[in-house]
Structures are given as C-alpha cells and as structure tokens.
Amino acid sequence: EEQEYLLYKRFNIVIMLIAMLVAVVGYYNIIQVMGLEHIKWCCSLKAGAIAIALYAVYELLLGER
C-alpha cells in the first residue's frame, strides 16, 4: 500500500509539471497569434500555478485519500 501511495504522489507531480508546461506553451502560442513581441513569463507561470491550485482543490474534495 505504501508503494501505491508513493506512485500516486509521483503521478501527481508529473501532472503538475505537465500543467505548468501546457500553461507556458499555451501562453507562448497566444502571444505569437496576437503578434506581440514582449513575452511575460510570469503570466504563464501564474496560469500554471492556478491550474495546479485547482487540481489540488479537486484532489482534496474528490480524491480517494
């Protein structure tokens, strides 16, 4: 059971990293489509942080553990 829990936590870390990556890539694509030259990486990181926070709330409310 302990190994299963560790595997579960590792999957959660991977999901968080993927959420950050999707936020950064999505922000970059939006900037390219709009034709802007100035990229604010802090905005994409904030979007990733919001995605992670929403996932954490989802896991707390609906998670099995």
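Start at 1 with the first residue, then count along the sequence. Below, all heavy atoms of this structure are taken into account, side chains as well, without hydrogens, waters or symmetry copies. Bear in mind the structure is a predicted one, so any value in this text is a computation, not a measurement.
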Asks: What do the steps show when you test Gln3 against Leu7 for side-chain contact (heavy atoms from CB on, under 4.5 Å), and what is the final call?
Replies: CA-CA 6 Å; Gln3 283 182 330; Leu7 187 63; over 6 Å; no
Asks: I need the Lys46 NZ to Tyr27 OH distance, nearest 0.5 Å.
Replies: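 If I round to the nearest 0.5 Å, the distance is 9.5 Å.
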Asks: Is it true that Val25 and Val33 fall in one hydrophobic cluster, defined by side-chain heavy atoms closer than 4.5 Å?
Replies: no
Asks: Between Ile15 and Ile18, is there shared hydrophobic-cluster membership here, with clusters defined by ILVMFWY side-chain heavy atoms closer than 4.5 Å?
Replies: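 Result: no, two separate clusters.
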Asks: Between CD1 of Ile13 and OH of Tyr8, what distance do you get to the nearest 0.5 Å?
Replies: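 Ile13 CD1 to Tyr8 OH: 12.0 Å, rounded to 0.5 Å.
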